[in-house]
Amino acid sequence: MNIIKLDATESTNSFLKELSVNSDLPNYTVVVTDKQTSGRGQMNTKWISEPNKNLLCSVYITFSDFPISKQVYLNFAIAIAIHEALSSFGLPNLDIKWPNDILSGKKKVCGILIENILKGNKIDATIVGIGINVNQDSFSDKIPNAASIKNITGESAAIDDVLFKVVKKIEEKVLLLSTKQYWVLKNEYHNVLHKKNIPSMFKDDKDVVFMGKILEVDTSNGKLLIELADETIRSFHLKEVTFV
């Protein structure tokens, strides 16, 4: 693991992406910072974090032969890895909320942003941005569902300890990709998928509220499959459906 530590940066993903263009980076190069001024989440949302309290990092991973058609398994691998790493800190009721938020109960403790670097029909490398709330005591009213390891367990955690456990687990799960053990990743992901097979209220992108239950993630396209009350099945891309 090659670690680059920064006091502050706009975005660890952006920093690492620019570095990868101008340098021949070793596999598992990690950029970690105490402060982000323009942290990003899924679909250009902002990731807000108090300086020096949380883990803000990005991991550069290279592949020798990984087709774009299998990219959903990369998401599975990263989400499972962080879920397993966080479980060692005593967080109760850990789930993965599709596609890759990590929840403890109903509280979000981690967000993930995966940005792939393509070469033809293959993923040449990926940059995995990770924000884990570690020791922050309070959060903005704009993010009422956020919480930290310290909030939930009552115990502070060493940020470096969280980092090393996360990267070690990522290495383990990415190895399953390289050996094409996709079924293992699929099973592990669905075993901890938030609200799977539990009747829940949803709202689609047209503000229509409906009852349904999550069946699985379609591995051909990454869409979430939800069975409705009439037993029909609808599929949703990211941001097309939310819990009510």
Side-chain angles (χ1 to χ4, degrees), residues 1-2 11-31 39-45 47 57-84 96-102 110-131 166-167 169-194 196 205 214-226 233-241:
M1 191 192 319
N2 175 39
S11 157
T12 55
N13 262 36
S14 298
F15 182 92
L16 195 47
K17 187 183 294 184
E18 185 175 346
L19 199 61
S20 71
V21 171
N22 300 313
S23 311
D24 187 15
L25 291 180
N27 200 12
Y28 289 99
T29 294
V30 180
V31 171
R40 294 179 288 124
Q42 295 279 3
M43 303 290 285
N44 295 318
T45 56
W47 184 263
C57 70
S58 294
V59 185
Y60 179 79
I61 306 167
T62 60
F63 300 97
S64 58
D65 182 25
F66 186 49
I68 297 172
S69 61
K70 301 295 184 183
Q71 63 180 326
V72 66
Y73 295 101
L74 173 59
N75 182 66
F76 289 172
I78 300 301
I80 296 161
I82 298 174
H83 178 279
E84 290 186 4
I96 299 171
K97 182 182 175 186
W98 177 80
N100 52 25
D101 286 344
I102 311 297
C110 173
I112 301 166
L113 176 63
I114 300 173
E115 297 183 300
N116 295 321
I117 299 168
L118 308 179
K119 185 177 287 185
N121 63 350
K122 303 287 180 68
I123 297 176
D124 188 53
T126 192
I127 296 172
V128 181
I130 302 165
V166 163
V167 176
K169 281 293 183 181
I170 289 175
E171 289 175 340
E172 287 180 16
K173 300 305 177 182
V174 168
L175 184 60
L176 295 176
L177 290 176
S178 64
T179 54
K180 297 182 169 56
Q181 296 185 64
Y182 301 129
W183 62 274
V184 175
L185 294 168
K186 179 180 178 180
N187 288 342
E188 288 184 349
Y189 180 89
H190 284 97
N191 283 342
V192 291
L193 181 60
H194 183 63
K196 182 176 182 288
D205 54 354
I214 293 173
L215 298 180
E216 63 176 348
V217 176
D218 187 335
T219 54
S220 68
N221 54 28
K223 289 185 178 182
L224 187 67
L225 301 181
I226 298 178
I233 297 172
R234 289 182 66 184
S235 61
F236 297 91
H237 274 303
L238 184 64
K239 300 298 182 182
E240 289 181 346
V241 65

Novice: Under 3.5 Å, side chain of Thr179 to main-chain N/O of Leu175, donor-acceptor pair present?
Specialist: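 Between the backbone of Leu175 and the side chain of Thr179 there is a qualifying donor-acceptor contact (under 3.5 Å).
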
Novice: Taking 4.0 angstrom as the limit, do Lys223 and Glu240 come out as a salt bridge?
Specialist: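 Not counted as a salt bridge, because no side-chain N and carboxylate O are separated by less than 4.0 Å.
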
Novice: Could you please spell out the steps behind the side chain to side chain contact (heavy atoms under 4.5 Å, CB included) verdict for Thr62 and Asp124?
Specialist: CA-CA 6 Å; Thr62 60; Asp124 188 53; over 6 Å; no

Novice: Side chain to side chain contact (heavy atoms under 4.5 Å, CB included), that's the test. Do Lys186 and Phe76 meet it? Break it down for me.
Specialist: CA-CA 7 Å; Lys186 179 180 178 180; Phe76 289 172; 4.2 Å; yes

Novice: Return the minimal non-hydrogen interatomic distance between Ala81 and Lys173, and the atom names on each side.
Specialist: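 The answer is CB-CG, 3.8 Å.
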
Novice: Considering only heavy atoms from C-beta outward, does the side chain of Glu171 approach that of Tyr28 to under 4.5 Å?
Specialist: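 Counting from C-beta outward, Glu171 and Tyr28 do come under 4.5 Å.
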
Novice: Side chains of Ile114 and Asn116, heavy atoms from C-beta outward: is any pair under 4.5 Å?
Specialist: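 Side chain of Ile114 against side chain of Asn116, heavy atoms only: contact under 4.5 Å found.
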
Novice: Main chain of Ser11, side chain of Ser14: is a donor-acceptor contact present, judged purely on distance under 3.5 Å?
Specialist: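 Side chain of Ser14 to backbone of Ser11: no pair is present.
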
Novice: Taking the six-membered ring where the residue is Trp, are the ring centres of His83 and Tyr189 under 6.0 Å apart?
Specialist: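 No: the rings miss the under 6.0 Å criterion.
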
Novice: Run the side chain to side chain contact (heavy atoms under 4.5 Å, CB included) test on Lys70 and Leu74 for me, step by step, so that the C-alpha distance in whole Å, both residues' side-chain angles and the decisive distance to 0.1 Å come before the verdict.
Specialist: CA-CA 7 Å; Lys70 301 295 184 183; Leu74 173 59; over 6 Å; no

Novice: Among all residues two or more places apart in sequence or in another chain, which pass the ring pair (Phe, Tyr, Trp, His ring centres under 6.0 Å) test with Tyr182?
Specialist: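 Checked Tyr182 against ring pair (Phe, Tyr, Trp, His ring centres under 6.0 Å); matches are Tyr73.
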
Novice: Is the backbone of Gly129 close enough, under 3.5 Å, to the side chain of Asn13 for a donor and an acceptor to pair up by distance?
Specialist: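 Here the side-chain-to-backbone pair exists.
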
Novice: Check this for me: Lys97, atom NZ, are more than 12 non-hydrogen atoms of other residues, nucleotides or ligands nearer than 6.0 Å?
Specialist: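 No, the 6.0 Å shell around NZ holds no more than 12 heavy atoms from other groups.
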
Novice: Under a 4.0 Å threshold between the charged nitrogen and the carboxylate oxygen, would Lys17 count as salt-bridged to Glu115?
Specialist: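 Counted as a salt bridge, because a side-chain N and a carboxylate O are separated by less than 4.0 Å.
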
Novice: Minimum heavy-atom separation for Asn75 to Pro99, with atom names?
Specialist: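 What the structure gives for the nearest pair is ND2-O, 3.1 Å.
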
Novice: Would you say Asp218 and Ser220 are linked by a side-chain donor-acceptor pair, where the criterion is simply a distance under 3.5 Å?
Specialist: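 Yes.
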
Novice: With Val128 as reference, evaluate Leu113, Ile112, Asn100 under the side-chain contact (heavy atoms from CB on, under 4.5 Å) test and give the passing residue.
Specialist: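 Of Leu113, Ile112, Asn100, side-chain contact (heavy atoms from CB on, under 4.5 Å) with Val128 is met by Ile112 alone.
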
Novice: Using every non-hydrogen atom in the two residues, find where Leu185 and Ile80 come nearest and quote the distance to one decimal.
Specialist: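 For Leu185 and Ile80, the tightest heavy-atom pair comes out as O-CD1, 3.3 Å.
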
Novice: Can you check whether Phe236 reaches Leu225 side chain to side chain, under 4.5 Å on heavy atoms?
Specialist: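 SC-SC contact between Phe236 and Leu225 ruled out.
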
Novice: Shortest non-hydrogen contact from Cys57 to Val30?
Specialist: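 For Cys57 versus Val30, the nearest heavy atoms are CB-CG1, 4.3 Å.
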
Novice: Check whether any side-chain heavy atom of Lys169 sits under 4.5 Å from a side-chain heavy atom of Ile82, and report yes or no.
Specialist: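 In short, these two side chains do not touch, never coming nearer than 4.5 Å.
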
Novice: Between Lys239 and Asp205, does any side-chain N to carboxylate O distance fall below 4.0 Å?
Specialist: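 Judged by the 4.0 Å cut-off on N to carboxylate O distance, Lys239 and Asp205 do not form a salt bridge.
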
Novice: Residues in side chain to side chain contact (heavy atoms under 4.5 Å, CB included) with Ile117, at least two apart?
Specialist: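 In terms of side chain to side chain contact (heavy atoms under 4.5 Å, CB included), with neighbours along the sequence ignored, Ile117 is linked to Ser20, Tyr60, Ala125, Ile127.
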
Novice: Applying side chain to side chain contact (heavy atoms under 4.5 Å, CB included) to Leu193 and Ile214, what does each step give before you reach the verdict?
Specialist: CA-CA 9 Å; Leu193 181 60; Ile214 293 173; 3.7 Å; yes

Novice: Might you point out which heavy atoms bring Ile68 and Gly120 nearest each other, and give the distance in Å?
Specialist: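 Smallest heavy-atom distance, with atoms named: CD1-O, 3.7 Å.
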
Novice: Would you check if Leu215 and Ile226 make a side-chain contact, meaning some heavy-atom pair closer than 4.5 Å?
Specialist: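 Of all side-chain heavy-atom pairs linking Ile226 with Leu215, none is under 4.5 Å.
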
Novice: Could you check whether any side-chain heavy atom of Ile61 comes within less than 4.5 Å of a side-chain heavy atom of Asn27, counting everything from C-beta outward?
Specialist: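 Yes, their side chains come closer than 4.5 Å.
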
Novice: Testing Asp101, Ile102, Ile96 one by one against Cys110 for a side-chain contact (heavy atoms from CB on, under 4.5 Å), which residue passes?
Specialist: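 The residue from Asp101, Ile102, Ile96 that satisfies side-chain contact (heavy atoms from CB on, under 4.5 Å) with Cys110 turns out to be Ile102.
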
